[in-house]
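Input: a single structure, listed below in structure tokens.
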Amino acid sequence: MRRKRHSSGYADPAGQPRLRHPIRHTTTITMIRIGSGSRAVWWACYAATDAFMNVVTRFAPSPTGTLHIGGARTALFNWLYARHWHGTFRLRIEDTDRKRSTQESVEAIFDALDWLGIDWNGEPVFQFARSARHQEVARTLLESGHAYRCYMTSEELQHSRKRARDEGRIWRYDGTWRDRDACNAPQGVAPAIRLKAPREGYTVIDDHVQGHVAIANAELDDMVLLRADGTPTYMLSVVVDDHDMGVTHVIRGDEHLVNAARQSQIYQALGWTAPGFAHIPLIHGADGTRLSKRHGATGVEHYREEGYLADALVNHLLRLGWSHGDEEVISRENAVQWFDLPAIGKSPARFDPERLSTFNRLYIRNTDDTTLACLTTSHVASRLARKVDDEEAALLVKAMPVLKERSKTLAELAQNSLFLFHARPLVIEPKAAKVLDGDALLRLADLVPRLNRLEAWDETSLELCVRAFSEECLISLGKVAQPLRAALTGSTVSPPIFDVMALLGRDECLARIKDITQAACP
RNA sequence: GUCCCCAUCGUCUAGCGGCCUAGGACAUCGGCCUCUCACGCCGAAAACAGGGGUUCGAGUCCCCUUGGGGACGCCA
């Protein structure tokens, strides 16, 4: 079993082999000795045969915008982990921020996940709908003495914070109401409920990625569980929901690492077992800072619109922070088979659009022509500002083999296919017009009768014919090919010219050439 | 500021104490192929942040420094 970069590996009684396993939180492992004496080999067997089915992961976005690259990777890792262990992957919409949450965002996130091929088990959980349950848990905590009412008003809090800032201290709630009797409560102030967190010692997270992380409890103050208006805070909601949803592994961005310690305190107060944590490093922009709007497009939908393939994005995201030896191009099947937590890197990766392009080019090349043409049609239509008819769609499929080698995105693919559909007479680009000088036009005119006489209109016959022509004229093939390209596509860049001619067909080709030669000498 | 995390080519990474004269991929630069563009093929340049330990031996383990990132809400 692969194991790397971990300080929290498990050694068996003999010291090896070492074993790291995701189910350690949920299952007991039985060690079986094979052989005897000092050469005995220990094998780990799982006590329960359904141990592998136990994994439950979740992706928990806030619906305050579309799905961004970082979120997509978090979702992917959770999905992969669940699928790898034949577990369950769930979706939870953290919509408790009523001001910023929108239904459009919820839809956008669903769409983006759908597009990426990340499917979830069961119905999504909406966090806001569960606030009664969160409140109930807070009351339990109050009753068990693990939480208390805090009557400090937000004004008092603000003053306290300001004073701390002015004195150059970092502010923490000082626990004013921690042990104060409720009979001291001021009139007319609704209390917030705070966790009575341990003040001494350390809270330890055994993170699957970050390893053993200890945070001094002195660093963590008594966090608010229920606001003065009775609504639950994120910290409480997450813990309750993860617990109720049976989540076994929380894989999320490492901006939550310290939160894990806080949440772990809530788990302890509740007497619940905390899930395994895996805090993955954030994705950074090209300048090494956290990916944000100013790094350009960060929304998944942008890449979709630009004509990136979901599989390519997934592959790229997968390789950001996770590796499997030297493997670069990894199919979904292999990703599911290979994915595991130990291979996640600890250092943040930068999002390199260039690399995504490379993956996309590769995935485009490996996609079959019909599928690719279907995906491209909408891009073509929008460029043409009209519908693409069946005949044109069929032509697009036929052209795919020569088109897909030359495009990094579907958008580019569409752009490169446009010469097939443009109405005559073609608009000739300036560079192409330069190619069509007097000599070139004369040659094109000379070539026309030969093309007319051709029996078969296919690449081979066309190439034979045009090559023979150039040899007879004692000129290089390029001297004929480039003018042909200019006349037939209006551009100096296109797929191989004989492919172009074959695709366009004899009538269209001759007509386009005629447009040019006649325009030059009417 | 306090706490936490991180550190191998420009970028993504391999590396789990001897297989490392540090490997792969993208990007870059040459060359070949060639009707343009692209593909493909061949080749080049390119990294263990610095300093101390530990060890027979350190990219790999420990410490410090430096640099980067993150968290410090009655946001999520």
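Keep in mind that this is a model prediction, so the values were computed, not measured. Order of the sequence lines fixes the chain letters, A, B, ..., with proteins taken first and strands second; residue numbering starts at 1 for each chain.
In the set B:A76, B:C5, B:A38, B:A38 carries the atom at the smallest distance from any side-chain atom of A:E405. You'll find that the side chain of A:P496 is closest to B:C35, out of B:C75, B:C35, B:C12. Here B:U13 is the nucleotide among B:C35, B:G70, B:U13 with the atom lying nearest to any side-chain atom of A:R319. The side chain of A:S323 approaches B:U13 more closely than any other nucleotide in the set B:C74, B:C5, B:U13. For A:D352, counting side-chain heavy atoms from C-beta on, the closest listed nucleotide (B:C35, B:U11, B:A27) is B:U11. For A:V213, the side-chain atoms get nearest to B:C5 when compared with the rest of B:C5, B:A76, B:A38.
Contacts of A:R355 with the nucleic acid, taken as non-hydrogen atoms under 4.0 Å apart, include base atoms. Among the protein residues, A:T358 comes within range of the sugar-phosphate backbone only, with heavy atoms under 4.0 Å from sugar or phosphate atoms but none that close to a base.
Using a 30° and 60° split on the angle between ring planes, A:F339 and A:F77 fall in the tilted class, from 30° to 60°. Between A:W322 and A:H324, the ring-plane angle classifies as parallel under the 30° and 60° cut-offs.
Base pairing annotation: B:C32 forms a Watson-Crick or G-U wobble pair with B:G40, both donor-acceptor distances under 3.5 Å.
Contact annotation: A:R361 side-chain N/O to B:A27 OP1/OP2 distance is under 4.0 Å. Between A:S494 and B:C37 there is no side-chain polar atom (N or O) within less than 4.0 angstrom of OP1 or OP2. Between A:R467 and B:C35 there is a side-chain polar atom (N or O) within less than 4.0 angstrom of OP1 or OP2. Close to B:C6, at under 4.0 Å from its OP1 or OP2, lies a side-chain N or O of A:K346. When the side-chain nitrogen and oxygen atoms of A:R161 are compared with OP1 and OP2 of B:C74, one or more of them lie within a distance under 4.0 Å.
Remark: A:D439 does not engage A:K479 in a salt bridge, criterion side-chain N to carboxylate O under 4.0 Å.
In this structure, CG of A:L257 is placed 17 Å from C1' of B:A76, rounded to the nearest angstrom.
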